[in-house]
Number of protein chains: 2
Amino acid sequence: MKPKRLALSDIARQLNISTTTISFIMNGKAEEKRISPELKEKVLKKIKELGYVPNQLAKSLRTGKTNIIGLIVEDISNSFFARVAHMIEEEVNKRGYKIIYCSSENSVEKMTEVINMFRESQVDGFIITPTEGAETEVNKLIKDRAHLILFDRYFPGLDTNYVVLDNSYGSYIGVKHLVERGYKKIGFVTIDSDQSQMIDRYNGYAKAIKEAGLKPYVKRISFFDEPNAAIRKMETFLNKKDKPDAVFFATNYLGIYGLEAITNLQLKIPDDIGVITFDDHDLFRLFRPSITVIAQPIAEMSKAMINILLDEIATPANALKTRHMVLRPSLVVRNSTKQPC
Amino acid sequence: MKPKRLALSDIARQLNISTTTISFIMNGKAEEKRISPELKEKVLKKIKELGYVPNQLAKSLRTGKTNIIGLIVEDISNSFFARVAHMIEEEVNKRGYKIIYCSSENSVEKMTEVINMFRESQVDGFIITPTEGAETEVNKLIKDRAHLILFDRYFPGLDTNYVVLDNSYGSYIGVKHLVERGYKKIGFVTIDSDQSQMIDRYNGYAKAIKEAGLKPYVKRISFFDEPNAAIRKMETFLNKKDKPDAVFFATNYLGIYGLEAITNLQLKIPDDIGVITFDDHDLFRLFRPSITVIAQPIAEMSKAMINILLDEIATPANALKTRHMVLRPSLVVRNSTKQPC
DNA sequence: TAAATTTGCTAAATCGATTTAGTATACTAT
DNA sequence: ATAGTATACTAAATCGATTTAGCAAATTTA
């Protein structure tokens, strides 16, 4: 926008009135501030005629409110986060806020950088899927009384708002389902991470395995592995001497790589190998045989987050007690496990 | 952030110097402005000690630069747009910008709203996948000399920057491939839209069909149809009396619905029906048989967009001539068509 | 030794809105 | 006639940075 932008003062000058009056009118305070209906009409007409667009920066600087929520997800191109982002955006727009977002790529440095960028931008609140090691940064936000909510994972040691899944329950019912369908050597493919959600998913697996009196088969992949490397590792895991007869993938992208590995090895689902994965995805629904998944209630989670966060922004007193929400995933049974005996 | 935020003036007061000095130091102009190294050190130390975070709003208000790019995509949860968004974000971050985004959901009203929101936010530039009927809004942006680039589709009547795919070429090579593989009744499933990319995709199809002396079979679905309704319509199309023996889906989501329809009808790919779809996707790679696609060069497109846009922002004189880029997609042959005779 | 230049820093205007604390006029009540 | 109140508006401070123009002291030059 090159030509010097139209400001409130320009309109004021043209109409020979004060900016105060126009500001009152634009903010719907015409009645309250006893602006005559005629002047109001005149001003509104002029504004429309000139195509005046208020400067949100000046507004925000003065009022201290930006109506922007900073969203930090692990990776916007991951279908799970993309869908959550979409729901969040929808909810937030309805309530007059906008979203500024960044992907953390699971790197603390990137995360620190992004948080600082967001603080400088004076966002009204933060929605964060924290990376490992981000406690310090998140703690700084708490100390500065920023409004924030963690999502997907949280820090047990920090008193923050959060909305997460009952991850342990999720893998528990998944593995239990595999047990019921007669699998005996149930593998667990996860990423090498101490993030709360991954620990919980492992715990659910371990619990179900223990209850069934089975032996655990666990394979950890690095989040930073290239897809091909990850697929190779899974092929090895699924093809070694004492190999599993079923496998539970702890995330959607592990599931996707896993299907590729299984296809490469020409293993038949569900007879050679039973499969369940965390998170739903078009692929899992349409793959043949279709893949049984642990589905997260994305809409519900997103709404809950926004409710908690926006309520806290609107009523800062409510920030005194943090709110926690743990939602249950559901088992969507498809055809990737043997039929019940 | 409840407790009154630390401002430059607070630091100035504490050190008993002027804000000017601190501003110079923070902006790396210490040498240029001949600030003594000792004072510089003292200031930097204080800033670190107090954890001062500059207020970007005030900065932007004064300088007229926000370093924010407004991104409007059709739907962030669509894998194509999510991947583009991810690439754009990466490119833009490297160069000191951030992204504020919204999905248009293919609605002009939403789009108008979002554009206005972005203008109020004083974004430095716009990246837009325009909806049908958004010419007026885009034109307003041009008149106000906003920096913008259209993407995925464009308005032939408007002189704007754009980066798009050679869509016509894409469907042409796709359909030609089906012809070469011996299909005679090649269907085209598209959305009911006059957006440039959809028209071009249709044109490529029509050209290839004509060259091959075949009869066209076209089915248009509404963008606003619910998934199930869309799938029903496709089932009808693929199952009517004079039904196609191959089908080209004009977008990734049509392809996804299409696979569902084909599966429901228990048609065998590639013998009962040959399949090609626009856009790559995990599903198309892993579906069995794997699906041949027309793949867009996402990384290249994203980089091109950012280059053009940021260059124009940096050197507004370059805005005098708009830049257009048309990239060629590639045919990724998989197993969803009959083997060559 | 005086003039010119350099050094090291600052006062104050500015960006564009909101908001507080008025003011001037007209009307009403006593 | 006078005080009180309602009406219809506005002046100026403010948010927190950047930036222009300039000042006083120290140093160099002629």
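Side-chain atoms are counted along with the backbone in the values below, which use heavy atoms only and exclude waters and symmetry mates. Below, chain A is the first sequence line, B the second, and so on; all start at residue 1.
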| task | Would you indicate what A:Leu57 reaches in the nucleic acid, counting non-hydrogen atoms under 4.0 angstrom: base, sugar-phosphate, or nothing? | result | nothing

| task | Indicate whether OP1 or OP2 belonging to C:dG16 is found under 4.0 Å from a side-chain N or O atom of A:Tyr52. | result | no

| task | Starting at atom CG of A:Asn55, determine the distance to atom P of D:dG16, rounded to an integer number of angstrom. | result | 16 Å

| Salt bridge flag under 4.0 Å for residues B:Lys110 and A:Glu89 | yes

| remark: From the candidates C:dT19, C:dA11, D:dT19, the one with an atom nearest any side-chain atom of B:Ser18 is C:dA11

| query | Are side-chain heavy atoms of A:Tyr154 and A:Asn161 found at a separation under 4.5 Å? | reply | no

| task | Write down the distance between NZ (B:Lys33) and C1' (D:dC23), rounded to a whole number of angstrom. | result | 15 Å

| query | At under 4.0 Å, does any side-chain N or O of A:Ser9 touch on OP1 or OP2 of C:dG16? | reply | no

| query | Hey, does the side chain of A:Thr21 come within less than 4.0 Å of D:dT10's phosphate (OP1/OP2), counting only N and O? | reply | yes

| Are a donor atom and an acceptor atom from the side chains of B:Asn307 and B:Arg95 found within less than 3.5 Å of each other? | yes

| task | Looking at every strand, decide which applies to A:Thr63 at a 4.0 Å heavy-atom threshold: base, sugar-phosphate, or nothing. | result | sugar-phosphate

| remark: Rounded to whole Å, the CD-C1' distance (A:Gln56 to C:dA17) equals 10 Å

| query | From D:dT10, C:dC9, D:dG16, pick the nucleotide closest to the side chain of A:Phe24? | reply | D:dT10

| query | Has the side chain of B:Arg62 got a donor or acceptor atom sitting under 3.5 Å from an opposite partner on the base of D:dT18? | reply | yes

| request: Give the rounded distance in Å between these two atoms: CD of B:Glu31 and C1' of C:dG8. | output: 13 Å

| remark: Looking only at D:dC15, D:dT18, C:dT18, the nucleotide nearest the A:Leu61 side chain is D:dC15

Which side-chain N or O atoms in residues 23-49 of chain B pair as donor and acceptor under 3.5 Å with protein atoms at least two apart or in another chain?
unit_1	atom_1	unit_2	atom_2	d
B:Ser36	OG	B:Leu39	N	3.4
B:Lys46	NZ	B:Gln14	OE1	3.2

| message | Classify B:Thr20 by what it touches in the nucleic acid, base, sugar-phosphate, or nothing, heavy-atom distance under 4.0 Å. | response | base

| request: Please state how far atom CD in A:Glu38 lies from atom P in D:dT7, giving the value in whole angstrom units. | output: 14 Å

| message | Over all strands shown, is B:Ser36 touching base, sugar-phosphate only, or nothing at heavy-atom distances under 4.0 angstrom? | response | sugar-phosphate

| task | May I ask you to say whether B:Arg119 pairs ionically with B:Asp144, meaning some side-chain N is under 4.0 Å from a carboxylate O? | result | yes

| task | Under 4.0 Å between any heavy atoms, over every strand shown, what does B:Leu39 touch: base, sugar-phosphate, or nothing? Just pick one. | result | sugar-phosphate

| task | Would you kindly give the CD1-to-P distance between B:Ile22 and D:dG16, to the nearest whole Å? | result | 14 Å

| task | Would you indicate which nucleotide in C:dT7, D:dG16, C:dA17 comes nearest to any side-chain atom of B:Arg34? | result | C:dT7

| field | Separation of atom CE in B:Met26 from atom C1' in D:dG16, rounded to whole Å | value | 13 Å

| Residue B:Lys29, side-chain atoms from C-beta onward, closest of C:dC15, D:dA17, D:dT19 | D:dT19

| request: Quickly work out the B:Asn67 CG to D:dT18 P distance and round it to whole Å. | output: 13 Å

| task | Starting from the C-alpha separation in whole Å, work towards a yes-or-no answer on ring-ring contact (aromatic ring centres under 6.0 Å, His included) for B:Phe151 and B:Tyr162. | result | CA-CA 6 Å; B:Phe151 157 64; B:Tyr162 60 77; over 10 Å; no

